[in-house]
Structure formats: structure tokens, C-alpha cells
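Before any comments, here is the structure.
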Amino acid sequence: MVSAAAGWAAPAFAVAAVVIWVVLCSELLRRRRRGAGSGKGDAAAAARLPPGSFGWPVVGETLEFVSCAYSPRPEAFVDKRRKLHGSAVFRSHLFGSATVVTADAEVSRFVLQSDARAFVPWYPRSLTELMGKSSILLINGALQRRVHGLVGAFFKSSHLKSQLTADMRRRLSPALSSFPDSSLLHVQHLAKSVVFEILVRGLIGLEAGEEMQQLKQQFQEFIVGLMSLPIKLPGTRLYRSLQAKKKMARLIQRIIREKRARRAAASPPRDAIDVLIGDGSDELTDELISDNMIDLMIPAEDSVPVLITLAVKFLSECPLALHQLEEENIQLKRRKTDMGETLQWTDYMSLSFTQHVITETLRLGNIIGGIMRKAVRDVEVKGHLIPKGWCVFVYFRSVHLDDTLYDEPYKFNPWRWKEKDMSNGSFTPFGGGQRLCPGLDLARLEASIFLHHLVTSFRWVAEEDHIVNFPTVRLKRGMPIRVTAKEDDD
Ligand code: HEM
């Protein structure tokens, strides 16, 4: 859900280097104090380590990793080492930790399927500070399974999907009709604004209005601190983000208290707060609930809007795919209009070519490039040792762009999914195992609805824009398209 974080401008490499330097030094000191670096002197264990190099003292290979991450080909870092070491699993030293990097689908699947007895999540310090100890992204064991199960079941529910579909229609139709012919529509901006409001309603039940606007502003302030210097002094980026989080938490905790007070329990639950308080567990405190609601806003502001924007970018560059997607959506709209019905969530999800477009966008776009875990014991997989205390970086991006798994991997080719199996472990945009993204259906649904309304409302000519991959994936100019309204039977 969180790949790296938001907020660094492109020329911020120098800033990034300083950030990394400080993070590295502090991590290194912490590791030294804890006596980390297991395996030393143990020749047998060393022989089982994956091949590779720790790079420079202190910084390891982080600077090269970051410099590739800023380029149009972030996977170059992994691809180069993969060739050099003759292995898709190699060791490195990244972000202050000895790390095993895997671009091997089988090893990646193994790590994703493992639980907290082998690996726990690892995130940079600023991120863990901001997310808080009770974030679903950080908790483990029974509590993680409980929160995941509760919100996951709600996100899959027909009730929420119907509500979200109606909300998207209500919000998108007037928004799109406000763009006169030949005007510029910035897809990323529109997608962020629409998706945030709609998902926030599904999470905490807040309606559009003044409080929603305040929440949006505070959330912007919060999200830019996710990857900042881990210093909490007044005036620092992290401090400002923490202050914004406090304000959001106050609002959400007030909503929770009000809901608890009139606890004739909303049935079926109207939002994720209803679900979590309805569970009745003492572990699900107001603080845990509000922390998690804030974390769940990250995909609403970031991942889902970026998925939509990337799809528009790739479609604009592939007229044949755009044409097929338009045809599929226009036919559905006509069919439903003839029957005097409005589109339901099941209609959008049944559009097979539209789903292939979304799948291919996830593969090629790599919104979450990979995930980090830390080994809590020595783990051996496919003959490679991952020593206790080391990180493992499961790099989805290299797997998704591997030419032994995908023909012409850099080509946007939605048709490949007519035949291809998504569940063979070489396609993991939503992770896997116990932490498989519980919002994956919602992400697909929102993208389908947005694309439907866009292609049935407009023709467009895309302006020049390009993808930035670090610290989060996004379009540099927000994907401007010059739109012309379609006649009804176009
Ligand atoms: C394109 C959109 C999205 C992408 C690419 C995405 C990707 C991911 C990935 C890769 C993970 C696994 C993280 C890990 O293993 O450490 C994850 C976890 C998660 N995602 Fe998403 N996600 C998306 C949308 C959403 C949405 C819409 C929601 C809900 C509103 C959501 C909620 C979550 C949660 C709660 C987790 C943590 C699960 C756990 O650790 O138990 N995501 N997501």
C-alpha cells in the first residue's frame, strides 16, 4: 500500500542523499549497538548467503538504488546485479540494513506467504512514526489477522460496492460535464479528488462538506512527511505531519465516540468504523481505529488515483486498446439504457477487456514496486540463507517486467491477459499471503467506473507527460488530456 512515500521533488536527489545518509548512519549505529550482522565468522552460513556485495561502507548500495529509482528504469539496479551475480536473489545493503533482494517469483511468493514467525514488515523510521504502532501495516499475529479480516470482509461486501458505485456516478457525472470542449482535464487531480472523498465516506462515514475539505488538507500535510528525516522537532517536516495526523485523529475519534454513543449498531455496517466498533473487542481501541482509518486513506489519495491515471496514459499511447475499451463500455451503457437500468458494480466488474486493461496497467505501472520485510529468525529458501535481522526486499517490479515471464514486457498489451493466469505468483501488484491487499476489488472497481465515465463522455488528445517512479509512482504533469464531449450515440 505504501511503496516509499510522497513529497520529494525531482531535483531532490541531493536532499534524498542527505536523508539517506542520516537514516543510514542512525540505523548503522542502532544495529551496531544491538550487535547486528549475524553470520560473521560462520563459514558454512556465509556459503549459503546469496551472492552479492554490500557496496560502500555505511551507505552500501543505497545511493545507486535511489539514483536508478529516479530514472525511467528503476529496475536497472536489480537487473544489473542479477546479471552480474548470475542470480535473481542477491545480497546488498540498502537503507541501513543488510538486505536480500529477490526478483525470483518463487522466493517472492515464499516471503509473501510467510507469517510473523519468519518475517515482519519493515518500513523507514519516518513512516513507522507517522503510521503509529497500531497500524495494520505494522501489527502482526492475531491482531493483524482480526483487523485484516474485518476490513477485508467489509471491502468485499456488496453493500459497500453498491454505495461506492452510486457515489462515484453522483460525483463523476457533474465533475466531467463541467469541462467545456477543448479544455484540459488533469486526470490525476480529478481522480484524487473523487476517489479520496468516496473512499473516506466508506471508511469513516464523512459526507462531502467543510470537514471533508479540512480532512483533505490535513491529509496532504500528513502524507508528505511519510518519507522525511526521522526528526520530530518543531518545524521539521515530520513534526508538521504528526501535527496534521493529530488533528485528523481528533476528528475521527469524535466520529467514533458519536457512533459508540448511539450504538444501536448500524446494520449492515455503513462504513469501516461501524465494522471495527461492531466487533466489540477491547483491543480495537478508538486510537487503533482512528490510526488505521488514516492509513487506509493513503490508497484513496495515492494508489487508486495513480492506477486510474496510468491506465489513461497507457490507453492514450495504444489507440487499439482505447478503441476496444470504448466499444465495450459504450455497448454496456446502451444495453443498460435500453433496459431502463443504471449500471451496478457487477456490470463494471464483468467488462472483461476493461479488467484486462486494469491488470496490464498494474503489471506495467508497478504502483507498489516492492515490499520490505525483516527476518526474525534465520530463514532458508531455494538454497539461500536470509539471516535473522536482515531485510528482504521483494521486488515485484523486476518480476512484472521479466521477459522470461512476459513476452515483450515493456509493451502495454492488455490482450495478454485473455490467456494468462493471474494466480501463478508472477503477478503480485497487491502483494500476497496474509497481507494480500484487502482493497484490491475496490481499487479495480473504482478504476473501472472512472474509465467508463471518461470514455463514454469524452474523446481526448493526451498532452505530453511522463511517469515519475520515486518516491511514489505518479505522472509529472498529472496527465493532462484535451477533451471533447461525445454525442450520446457516438
Ligand atoms: C491500486 C491500488 C492498490 C495497490 C497497488 C495496493 C497494493 C497493496 C500491497 C502491495 C499491499 C501489501 C503490503 C505488504 O505486504 O506489506 C497492500 C496492503 C494493504 N492494502 Fe492495498 N493497494 C491498493 C489499494 C488499496 C485500497 C483501495 C485499500 C483500502 C481502502 C487498501 C488497503 C490495504 C491494506 C489495509 C493493506 C494492509 C493489509 C495487511 O497488512 O494486513 N489498498 N496493498
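Residue indices begin at 1 and follow the sequence shown. All heavy atoms count here, side chains included; hydrogens, waters and symmetry mates do not. Indexing begins at 1, ligand by ligand and atom by atom, following the structure's order.
- Less than 4.0 angstrom separates some heavy atom of Leu137 from each of these atoms of ligand 1: 37 (C).
- Annotation for ligand 1: atoms under 4.0 Å from non-hydrogen atoms of Tyr123 are 16 (O).
- Using a 30° and 60° split on the angle between ring planes, Phe119 and Phe110 fall in the perpendicular class, above 60°.
- Note that CZ of Arg254 is 9.5 Å distant from CD1 of Ile204, once rounded to the nearest 0.5 Å.
- Relative ring orientation between Tyr406 and His400 is described as perpendicular, the plane-to-plane angle rising above 60° on a 0-90° scale split at 30° and 60°.
- Taking the six-membered ring wherever Trp is involved, the centroid distance between the rings of Phe77 and Tyr395 does not fall below 6.0 Å.
- Remark: among candidates Cys437, Gly152, Gly432, the nearest residue to atom 31 (C) of ligand 1 is Cys437, based on non-hydrogen atoms.
- Counting heavy atoms closer than 4.0 Å to ligand 1, residue Ile368 contributes side-chain atoms (C-beta onward) but none from N, CA, C or O.
- Of all the atoms in ligand 1, the ones that sit under 4.0 Å from a non-hydrogen atom of Leu296 are 29 (C), 32 (C), 35 (C).
- Only side-chain heavy atoms of His148 come within less than 4.0 Å of ligand 1; its backbone N, CA, C and O stay farther off.
- Judged by distance alone, the side chains of Thr102 and Asp104 never bring a donor and an acceptor atom under 3.5 Å apart.
- When heavy-atom distances to ligand 1 are checked against a 4.0 Å cut-off, Arg373 comes that close only through its side chain, counted from C-beta outward.
- With a 4.0 Å cut-off on non-hydrogen atoms, Trp122 does not touch ligand 1 at all.
- Looking at ligand 1, you won't find any N or O of Thr428 less than 3.5 Å from one of its N or O atoms.
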Check your understanding: Do Lys216 and Glu221 pass the salt bridge (Lys or Arg N to Asp or Glu O under 4.0 Å) test, and can you show the C-alpha distance, the side-chain angles, and the key distance before you say yes or no?
Key -> CA-CA 9 Å; Lys216 249 189 206 174; Glu221 184 79 9; over 6 Å; no

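- Below 4.0 Å from some heavy atom of Pro429 lie the following atoms of ligand 1, by number and element: 5 (C), 7 (C), 10 (C).
- Taking every non-hydrogen atom of Phe155 and a distance limit under 4.0 Å, the qualifying atoms of ligand 1 come out as 29 (C), 30 (C).
- An N or O contact shorter than 3.5 Å is missing between Ser303 and ligand 1 by distance.
- Using modelled atom types and a 3.5 Å distance limit, the side chains of Arg444 and Thr359 yield a donor-acceptor pair.
- Counting atoms of ligand 1 from 1 in the listed order, those under 4.0 Å from a heavy atom of Val304 are 27 (C).
- Nearest residue to atom 34 (C) of ligand 1 from Pro438, Gly439, Ala447 is Pro438 (criterion: closest heavy atom).
- The distance between the ring centers of Phe65 and Phe393 falls below 6.0 angstrom.
- Ring-plane geometry between Phe353 and His356 is classed as perpendicular, the angle between the planes exceeding 60 degrees on a 0 to 90 degree scale with a lower cut at 30.
- At a heavy-atom distance under 4.0 Å, no atom of Ala300 approaches ligand 1.
- By the 4.0 Å heavy-atom criterion, Pro121 is excluded from the residues contacting ligand 1.
- Under a 3.5 Å cut-off, the side chain of Arg416 and the backbone N or O of Glu360 do not form any donor-acceptor pair.
- Counting heavy atoms under 4.0 Å from ligand 1, residue Pro299 touches it through the side chain alone.
- At a heavy-atom cutoff of 4.0 Å, ligand 1 is contacted by the side chain of Gln144 but not by its backbone.
- The salt bridge (charged side-chain N to carboxylate O under 4.0 Å, His left out) test applied to Arg146 returns Asp279, Glu283, not counting sequence neighbours.
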